[in-house]
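Written below as structure tokens is the structure these notes are about.
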Amino acid sequence: MKQMTLQKTREQNYPEWYQNVITVADMAENSSSPGCMVIKPWGYGIWERMQRVLDDMIKETGHDNCYFPLFIPLSFFQKEADHVEGFAKEMAIVTHSRLKSVDGKLTPDGQLEEPLIIRPTSETIIADSFSKWVKSYRDLPVMMNQWANVVRWEMRPRLFLRTREFLWQEGHTAHATYDEAEKEAQTMLQVYATFAREALAVPVLTGKKPEFDKFPGAVDTYCIEAMMQDGKSLQAGTSHFLGQNFAKSANIKFQSSQGTQEYAYTTSWGVTTRLIGALIMTHGDDEGMVVPPVVAPHQIVIVPLLKDKSKIDAVMSYAQKLKSALSSASFKGERVRVKLDDRQKESVDKMWEWTRKGAPLVIEVGPRDIENNALMVRDRTKINLKEWKEIVPFDDFVSSVTERLATIQNTLLKQAEDRLNKNIRNDIKTPGEFEKYFSNSNVFIEGDKPSVAFVRGKWSGDNDIAEKLKSMKINIRCIPFDQSGTQGTCLITGKPATVDVIYARSY
RNA sequence: CGGAGUAUAGCGCAGCCUGGUAGCGCACUCGUCUGGGGGGCGAGUGGUCGUGGGUUCAAAUCCCGCUACUCCGACCA
């Protein structure tokens, strides 16, 4: 008899299902500090894997890691008008430096001359350093990245998707020319798209944000957008071409080869722990989490069956033998990550725990397997099929493990890709059809299909449609790079239009 | 910050209307039988019922305030 661990399936209530997955996979929980999360080992392990893979890609493209302060003087934000306006409503501000006891109550004391902002993003403070480092065109480009935490005082937090404090990487670069900086912003967006696809098995659309939805202070904002299982869009990464805006406000100036003084062109780009949310909503199922092998902290979990006490030693040494046999196997250039779960728990419970956590392969080994020199292999992506469990000869498993992990990674990508491709409507040509399509105000899943997903259609380019979009609860997610160039009708205004955009509900 | 809801054991809930000294399922501990799709049987551990006040002989229960959380909106990665 199958027992449901999740309280809600995706079809019953998608937002609750999302929370349930995080709980049953033991990835994170709400902290007693309001709006903040505790990232637990399985969730943090996934983040560490993301960091490892992406960090290599960032370094391969010529960037170095460094670290800038958590505190940013308030005045720095005043230097860039759009920037301060964009972030003003969500800042945490340090105004005091100590506590004193007043009538037994601890009260802030030692007011600071100038308040400090806990960084919501680091453009201003990094630009300040860049201005000291850059004197000559020979000092350019400067290509930096930092892994850090940031704080944005969100009103309605949701684990991984929107929390007051979150972890991210933020890259910041400065260049001598417009073209070079623009190219850098594009390059890093492609790095993100490749990372999402190949490491996370999350296919994304790439494009540019419309003018009214840019990063505050940017000339252009590029983004990768992923489709969640409920058809909503999640911005999974952004890359900004900042032009000379921050260079001018922070005075990043250099002498050119012609001897003239010029302002640098800067970029910034980032991805966050929100990607873990993207992973859950892309691959999770009604049993829990499913983690793609590339980012799985443990790709293979060995669960020994130890109930027969007379055979504990034999089973454990057989499990150890398996673990060491696997240690020579590799996947995508890295040693295969194997966990032998020897905790004092019921083996069936351990098996289900790793299933809920989404470990790609769970291997059970027991007395029977020693006799047959075999193992029981469970492939997380086949949970609803008969082949979920499979008895495999020991040597066959060891020699096939790389291929098995590759198949799981590919299966997850293919599923996500199919969902993305099947749920982009290209055939909506008039405002009437468009309004009808999005008339369903609540997003939900029917069977395995979202009720409402993406529409690829025309936009006139008018920037004063924000109200109209808001009333329909949709956004222009991006202006895709691959434009068709065809003529058509703007789905919002009804005017003639040539620009293709992606319309969708979003997180 | 606006709208709605919730708050009782680690988790999910009942009890509240009609006040009388705390209950169920899962989890956890011990024993036992099981054993590769989430066990069975038996015995246990665990709660000043979110918080402050009021009514009452008596409050989880009735009244008032506060806080937190969840969902919907606005805002955002």
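Chain naming here is simple, since letters A, B, ... match the order of the sequence lines and numbering starts at 1 in each.
- Relative to the side chain of A:Asp349, the nucleotides B:G73, B:G38, B:C75 differ in distance, and B:G38 lies closest.
- For A:Glu85, there are no side chain to side chain contact (heavy atoms under 4.5 Å, CB included) partners, not counting sequence neighbours.
- The P atoms of B:U55 and B:C28 are separated by 46 Å, rounded to the nearest whole Å.
- Going from the C1' atom of B:G25 to that of B:U8 covers 15 Å, rounded to whole Å.
- Under the Watson-Crick or G-U wobble criterion, with both distances below 3.5 Å, B:C62 is paired with B:G54.
- Among the heavy atoms of the strands lying under 4.0 Å from A:Ile383 is at least one base atom, whether or not backbone atoms are also near.
- A:Ile125 has its side chain within reach of A:Phe76: a pair of non-hydrogen atoms, C-beta onward, lies under 4.5 Å apart.
- A salt bridge links A:Asp341 and A:Arg343; the closest N-O separation between the charged side-chain nitrogens and carboxylate oxygens is under 4.0 Å.
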Got a list of side-chain donor-acceptor pairs under 3.5 Å for residues 359-371 of chain A, not counting sequence neighbours?
from	atom 1	to	atom 2	distance (Å)
A:Glu364	OE1	A:Arg378	NE	2.5
A:Glu364	OE1	A:Arg378	NH2	2.8
A:Asp369	OD2	A:Gly366	N	2.7

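- Using a 4.0 Å heavy-atom criterion, one finds that A:Leu385 contacts the bases of the nucleic acid, with or without backbone contacts as well.
- One atom, CG of A:Asp26, and another, C1' of B:C11, lie 12 Å apart when rounded to the nearest Å.
- Rounded to an integer number of Å, the gap from NZ of A:Lys470 to C1' of B:C76 is 12 Å.
- Across all strands shown, A:Leu161 has heavy atoms under 4.0 Å from base atoms, whether or not it also approaches the sugar-phosphate.
- Screening residues 274-303 of chain A for ring-ring contact (aromatic ring centres under 6.0 Å, His included) gives A:Trp42-A:His298, A:His298-A:Trp354 as the qualifying pairs, with residues at least two apart or on separate chains.
- Within 4.0 Å of A:Trp168, counting heavy atoms only, lies no atom of the nucleic acid at all.
- Not counting sequence neighbours, the partners of A:Phe130 by the ring pair (Phe, Tyr, Trp, His ring centres under 6.0 Å) test are A:Trp133.
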All N/O contacts under 3.5 Å from nucleotides 66-71 of chain B to the protein, with atom names and distances to one decimal?
from	atom 1	to	atom 2	distance (Å)
B:U70	OP1	A:Asn30	ND2	2.9
B:C71	OP1	A:Gln19	NE2	2.8

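- Among the nucleotides B:G38, B:C76, B:G73, the one closest to the side chain of A:Lys473 is B:G73.
- Taking the six-membered ring where the residue is Trp, A:Tyr222 and A:Phe481 present tilted rings, their angle falling between 30° and 60°.
- Under the side chain to side chain contact (heavy atoms under 4.5 Å, CB included) criterion, A:Gln169 pairs with A:Leu54, A:Ile58, A:Asn145, A:Trp147, A:Tyr192, A:Trp269, A:Val271, not counting sequence neighbours.
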Under 3.5 Å, which protein N or O atoms sit close to an N or O of nucleotides 31-34 of chain B? Give each pair with its distance.
from	atom 1	to	atom 2	distance (Å)
B:U34	O4	A:Lys307	NZ	3.2

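- Nucleotides B:C17 and B:U61, compared at atom P, are 9 Å apart to the nearest Å.
- Using a 4.0 Å heavy-atom criterion, one finds that A:Thr163 contacts the bases of the nucleic acid, with or without backbone contacts as well.
- Atoms CG (A:Leu306) and P (B:G36) sit 14 Å apart, rounded to a whole Å.
- To the nearest whole angstrom, the two P atoms, one in B:U34 and one in B:G46, are 32 Å apart.
- Residues passing the side chain to side chain contact (heavy atoms under 4.5 Å, CB included) test with A:Val219 are A:Phe241, A:Asn245, sequence neighbours excluded.
- Between B:A7 and B:C62, the two P atoms lie 12 Å apart (nearest whole Å).
- Residue contacts for A:Phe87: at a heavy-atom cut-off of 4.0 Å it reaches no nucleic acid atom on any strand shown.
- Comparing B:C76, B:G38, B:G36 against the side chain of A:Met376 picks out B:G36 as the nearest.
- Side-chain proximity of A:Arg356 to the nucleotides B:G38, B:C76, B:G36 is greatest for B:G38.
- Between the P atoms of B:G37 and B:G10, the separation comes to 32 Å (whole Å).
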side-chain hydrogen bond (donor to acceptor under 3.5 Å, both in side chains), that's the test. Do A:Asp313 and A:Tyr318 meet it? Break it down for me. CA-CA 8 Å; A:Asp313 289 348; A:Tyr318 188 73; over 6 Å; no

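- Figure legend. B:G31 is base-paired to B:C41; pairs are counted as Watson-Crick or G-U wobble with both atom distances under 3.5 Å.
- For A:Glu29, the side chain to side chain donor-acceptor pair (under 3.5 Å) criterion is met by A:Lys40, not counting sequence neighbours.
- Nucleic acid contact for A:Gln235: sugar-phosphate only, since backbone atoms but no base atoms lie under 4.0 Å from a heavy atom of the residue.
- The base-pairing partner of B:G2, taking Watson-Crick or G-U wobble contacts with both distances under 3.5 Å, is B:C72.
- Across the protein-nucleic acid pair, A:Arg162 atom CZ and B:G73 atom P stand 10 Å apart, rounded to whole Å.
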